[in-house]
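Everything below concerns the one structure shown next.
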Amino acid sequence: MLEIKDLHAQVNGSEILNGVTLRVNAGEVHAIMGPNGSGKSTLAQVLAGRETYDVTKGEVLFDGKNLLEMDPEERAREGLFMAFQYPVEIPGVSNTYFLKSALNAIRKHRGQDELDAIEFLQLVKERMKLVEMDESLLNRPVNEGFSGGEKKRNEIFHMAVLEPRLAILDETDSGLDIDALRIVADGVNKLKRKDNAIIVVTHYQRLLNYIIPDYVHVLVDGRIVKSGSKELALELEEKGYDWVKEKAEVEEAR
Amino acid sequence: MSTATNTIEQLANREYKWGFITDIDADSAPKGLNEEIIRFISLKKNEPDWLLEWRLRAYRHWLTMKEPRWANVKYHTIDYQDIIYYSAPKRKARPKSLAEVDPELLKTYEKLGISLQEQERLAGVAVDAVFDSVSVATTFKEKLAELGIIFCSFSEAVQDHPDLVRKYLGSVVPYTDNFFASLNSAVFTDGSFCYIPKGVRCPMELSTYFRINAANTGQFERTLIVAEEGSYVSYLEGCTAPMRDENQLHAAVVELIAVGENAHIKYSTVQNWYPGDAEGRGGIYNFVTKRGKCIGRNSRISWTQVETGSAITWKYPSVILQGENSVGEFYSVAVTNNHQQADTGTKMIHLGKNTRSTIVSKGISAGFGQNSYRGLVDIKKGAANARNFSQCDSLLLGDKCGAHTFPYIEVRNNTARVEHEASTSKIGEDQIFYCKQRGLSTEDAVNMIVNGFCKEVFRELPMEFAVEAQKLLGISLEGSVG
Amino acid sequence: MKSITEQAAWYQSVFDALEKSLNGEAQSGFHVLRKKALNRFKEMGFPTTRNEEWKFTNITPLATTPFTPVPAGTVARIAPSAVKHYLIPEAHSLVFVDGHFSRDLSTIGEMPDGVIVCSLAEASRRHAALLERELARHAPGEENSFVALNTAFSLDGAFVSIPDGVRLTEPVHMLFLSTGKPQALIPPRNLFLVGAEGQVSLVETYAALNDGVYFTNVVSELLAGEGALIEHDKLQNESRSSYHISWTHIVQQARSTVTSNLVAMGGSIARSNITTVFEGEKGLCTLNGLTLAAGTQLIDNHTTIDHASPHCESHELYKAVLDGKAHGVFNGKIFVRKDAQKTDAKQTNQTLLLSDDAVIDTKPQLEIFADDVKCTHGATVGQLDADQIFYLRSRGLNLLQAKDMLTFAFAADVVHRIHVESLRERLVSLIHDKLHEGRISS
């Protein structure tokens with residue numbers, strides 16, 4: 001479904017991604033872990049099409065199409081979703097209105113009929129339950145005045161409504177207490193299907209107790225230095241990132 | 001950023017949708033202004049002597065005045081002798097029904113999307129359409145008359161209700177008020193008149209459309225709305241103008257009088273006069289004096305305006321809060337794109353005890369647009385416990401435009417409480433990216449964010465107007481975000 | 001002296017007399033500037049309320065009084081003991097009496113290498129080149145009557161120069177004392193030059209030994225070099241019959257930090273103008289102000305922050321407490337020029353009206369020509385918060401005590417931002433006195 005080949009990206013001339021190669025198939029959950037500043041969030045943002053980053057080398061195919069040539073909204077309409085680490089506030093625009101416009105833009109792209117207000121409301125009510133969202137958040141402006149936990153829940157709620165083929169969760173666990181973490185993770189698990197895939201970007205292992213990854217990749221200095229099964233995450237938790245870093249350096253020296 | 005900018009620029013290059021000229025023979029006065037012209041206008045309109053005298057006094061006063069230059073707008077000098085002060089569509093007699101109205105005219109309205117027939121059949125909106133200077137048709141008049149509501153063109157009111165006109169004309173905006181108001185008082189040709197008797201809630205939104213059509217015609221309407229004790233009226237004014245290269249002058253005067261206790265007048269404007277082309281050629285000069293007076297206890301006047309058009313907007317809908325507990329409100333969205341300039345705001349003059357006012361102003365600047373909020377909150381000595389809250393927010397789209405705030409706060413009573421807040425911001429790139437990540441186009445993202453910014457004002461507009469206003473906003477801003 | 005012509009003629013005659021007393025100095029380059037300034041003043045005359053900048057401040061009583069500078073030889077002798085009370089113990093002090101520098105009353109301690117602290121008259125003899133380059137080059141004399149008038153008549157003032165990289169640990173205090181001599185024109189001219197990375201605290205105090213209808217017309221120019229760190233405090237506590245008009249013009253180079261604290265409480269008509277211009281990127285400017293006015297005082301504060309460069313930050317807090325029949329005026333302009341992206345400007349203006357007859361005219365003003373900026377202003381006018389009063393009363397204070405406490409807290413908020421310790425302490429007691437006075441008179 002997603003194929004990243006030797007991806008290099010920089011911001012203001014400094015290299016952040018230094019040759020990332022990764023393949024994600026439908027039905028898989030991948031975790032990308034790494035120390036602060038390793039380029040995890042950059043990778044997520046580059047995949048979503050943030051213009052702050054310049055891709056200098058490499059290729060990304062999404063269902064065989066060149067992802068890097070697409071505008072951010074095209075990627076979204078093709079089924080790529082990113083849950084923001086810092087969800088953005090949009091004053092005066094209600095959450096439902098926003099989501100309805102987004103969903104209909106995506107449906108139109110897929111050749112589906114737009115949902116009318118009633119159909120949309122039914123869908124929303126049903127999906128809200130997945131993340132135990134308070135109904136009052138629907139009519140409030142997008143993310144404005146939401147608590148940190150509410151914002152993260154709202155992201156997963158958007159995901160539930162938009163039903164992406166590939167969801168990238170960028171540090172969705174940061175700022176969540178243990179109950180909220182469980183709710184968010186449960187929501188994600190319920191959305192997991194044979195024909196979609198999830199990339200979980202995280203610093204800590206704890207989210208992976210709830211969202212069990214099929215693969216774990218360790219990103220250091222803009223490159224994946226180690227890949228493995230879910231046990232790798234536990235090992236990292238125990239030994240810290242310095243352990244992989246050192247190993248990577250040793251391997252490089254050879 | 002670059003993609004967003006490009007899209008906006010493409011949007012900006014869209015042309016004015018309402019630029020078409022109606023081909024009708026006009027019955028016009030020669031160019032220029034003198035006492036003869038004023039007598040000509042007055043004669044054409046079969047006016048009583050007192051009104052002619054009033055016009056002449058205004059004219060003589062105007063001659064002693066200088067055009068004001070304090071506003072934050074720049075424009076070519078207006079040659080007041082190069083304007084036609086009277087232009088009426090030729091017609092056989094006064095139309096008694098829509099069937100008698102010139103079909104050319106009706107077509108014009110259809111292009112604007114306000115077909116009178118349809119309005120009459122479908123909507124609960126009575127339209128008093130002002131085409132150039134003379135009112136063409138009035139709908140729903142009979143239904144309103146049953147309630148004792150008078151809603152007619154200003155000329156008709158002069159003929160049919162001279163006492164009311166004489167009593168209230170100039171009572172809020174005297175003919176000496178300011179340069180443009182004096183000019184209007186001397187040469188106004190038509191407008192609307194509305195009278196709501198005691199205890200009557202007007203069951204429908206009253207609406208007027210103004211059009212400036214004939215080339216080089218100044219448009220000088222005069223609107224007068226009087227609300228008696230316990231009455232309520234919501235009045236809508238919508239303006240569009242066809243494309244012309246020369247700048248056309250529009251100097252209207254609107255007077256609102258909430259006479260009795262609990263009288264409530266709500267006046268909403270969507271102004272979409274031709275703003276000039278992308279290079280700043282042409283466009284309407286809109287110099288308007290709008291003022292209301294709350295005389296009765298607990299009376300209330302609300303101004304809501306969405307100003308997306310005109311090359312120059314100079315306009316300060318104000319409220320004199322005389323009655324105890326009276327309330328004044330001003331909700332405004334002003335958009336300047338390309339080379340448009342707006343200097344707009346309000347004056348809240350607090351005279352009575354416990355008077356309250358609210359000001360919410362949203363200025364949006366794009367292209368080379370210059371947008372100024374200019375407001376006065378004046379708490380006079382006797383206005384014990386007066387309250388004002390003002391909020392002025394500016395949104396800048398692009399780095400060649402400007403946003404300016406000139407709030408004057410003058411407080412003469414120590415029990416008053418005045419709060420003013422202003423902020424300036426731009427649309428965040430992160431906001432646009434967030435919207436795009438959810439599948440929205442840049443254009444939709446900008447529209448959505450700007451409409452969100454204006455929400456507090458739009459929710460004050462009657463429903464159908466709010467929808468139109470949102471659409472207009474989108475069209476006006478086409479080509480603007482960076 | 002009602003007409004502009006009469007006023008112009010008067011100041012021409014005063015100037016002619018001054019010129020005669022100058023002897024050889026009348027040939028100097030600076031005197032050419034003086035003459036030019038006088039002519040400019042005569043062209044402009046005093047501003048009237050028709051001028052937007054003076055809309056709320058009617059200075060007719062000032063304009064129609066014939067003021068004259070106090071000749072050097074006639075300045076009253078003051079005992080050091082009479083001055084001590086006004087001084088800041090930890091500071092280098094330059095004392096001026098009726099506009100003339102008094103060596104006897106001044107105490108200037110040892111200075112680090114290259115630091116100059118002296119009177120402007122002395123500087124014009126010893127540092128002529130420096131003055132030639134900077135003096136009267138920054139304040140807007142061309143468009144401003146009072147700056148022109150000051151330039152025409154100023155003979156003395158303070159001169160402080162801090163070289164690159166030098167930090168002067170002690171504050172420099174300039175005390176301008178008036179003897180209350182009727183119709184005295186006191187036109188001090190101050191010039192402060194702070195080099196790159198230089199640091200200094202400057203304090204200007206205006207006070208009077210006796211009440212009198214005199215007129216202080218001061219201009220200060222402050223140049224902050226790259227990375228300089230400067231505090232400029234001004235206490236305006238002139239006598240109650242006097243007039244005080246001041247222009248402080250600040251120019252900030254890149255990365256400089258300037259904090260200006262103004263406390264204005266004296267004069268019958270007092271107007272202070274503080275302007276800062278960011279000439280380089282990443283500058284930071286903080287303007288704090290407090291007006292305390294009672295009786296029939298008119299105290300007017302105008303500030304202008306000109307964001308002429310990108311990435312600069314400004315914070316402004318101006319407060320006023322008005323009692324009796326006092327009239328307060330505030331006008332705060334913030335300009336953000338076309339390319340001044342990433343500007344961050346915040347302005348707050350708060351007024352407390354303590355009496356029925358006190359009035360305020362306030363006009364915060366934003367003019368913005370760049371889009372990537374954060375600019376906000378807020379203005380409030382009102383009384384003390386009823387909930388706060390109730391809270392204090394519920395804890396046992398009486399109404400008057402509660403009001404006093406809250407009013408003092410409102411005012412002291414500005415004073416607490418001053419870093420010169422003994423000035424801060426002195427201000428605290430002055431505010432106490434002033435608030436007390438207001439209460440009795442109303």
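Letters A, B, ... mirror the listed sequences (proteins, then strands); counts begin at 1.
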For this session: Let me know if C454(B) has heavy atoms under 4.5 Å from chain A in its side chain, its backbone, both or neither.
Result: neither

Taking everything shown except [X] itself, do over 12 heavy atoms lie less than 6.0 Å from its [atom1]?
X	atom1	value
D195(A)	CG	yes
K190(A)	NZ	yes
D113(A)	CG	no
R356(B)	CZ	no
K151(A)	NZ	yes

Listing, residues 138-148 of chain A side-chain donor-acceptor contacts under 3.5 Å, not counting sequence neighbours, or none:
{"residue": "R140(A)", "atom": "NH2", "partner": "G145(A)", "partner atom": "O", "Å": "3.1"}
{"residue": "N143(A)", "atom": "OD1", "partner": "N154(A)", "partner atom": "ND2", "Å": "3.1"}
{"residue": "N143(A)", "atom": "ND2", "partner": "V88(A)", "partner atom": "O", "Å": "2.8"}
{"residue": "N143(A)", "atom": "ND2", "partner": "Y434(B)", "partner atom": "OH", "Å": "3.2"}
{"residue": "S147(A)", "atom": "OG", "partner": "E150(A)", "partner atom": "N", "Å": "3.2"}

For this session: I would like to know whether E429(B) and T52(A) meet side-chain contact (heavy atoms from CB on, under 4.5 Å); could you show each step before the answer?
Result: CA-CA 10 Å; E429(B) 275 170 54; T52(A) 340; 5.7 Å; no

Flag the pair [X] / [Y] as yes when at least one side-chain heavy-atom distance between them is below 4.5 Å, and no otherwise.
X	Y	value
S101(A)	L440(B)	yes
R77(A)	K436(B)	no
R438(B)	L103(A)	no
F433(B)	P72(A)	yes

Contacting region of [X] [heavy-atom separation from chain B under 4.5 Å]:
X	answer
L99(A)	neither
E74(A)	neither
I90(A)	both

For this session: Applying salt bridge (charged side-chain N to carboxylate O under 4.0 Å, His left out), name anything that partners R50(A), two or more places apart in sequence or on another chain.
Result: none

For this session: Specify which of M448(B), Q437(B), E456(B) makes the most heavy-atom pairs with chain A at under 4.5 Å.
Result: Q437(B)

Exercise. Got a second to check how far T442(B)'s OG1 is from E73(A)'s CD, nearest 0.5 Å?
Worked result: 5.0 Å

Exercise. In terms of heavy-atom pairs under 4.5 Å, which option from Y86(A), Y97(A), F98(A) contacts chain B the most?
Worked result: F98(A)

Exercise. G439(B) and A105(A): which non-hydrogen atoms are nearest, and at how many Å?
Worked result: O-CB, 3.4 Å

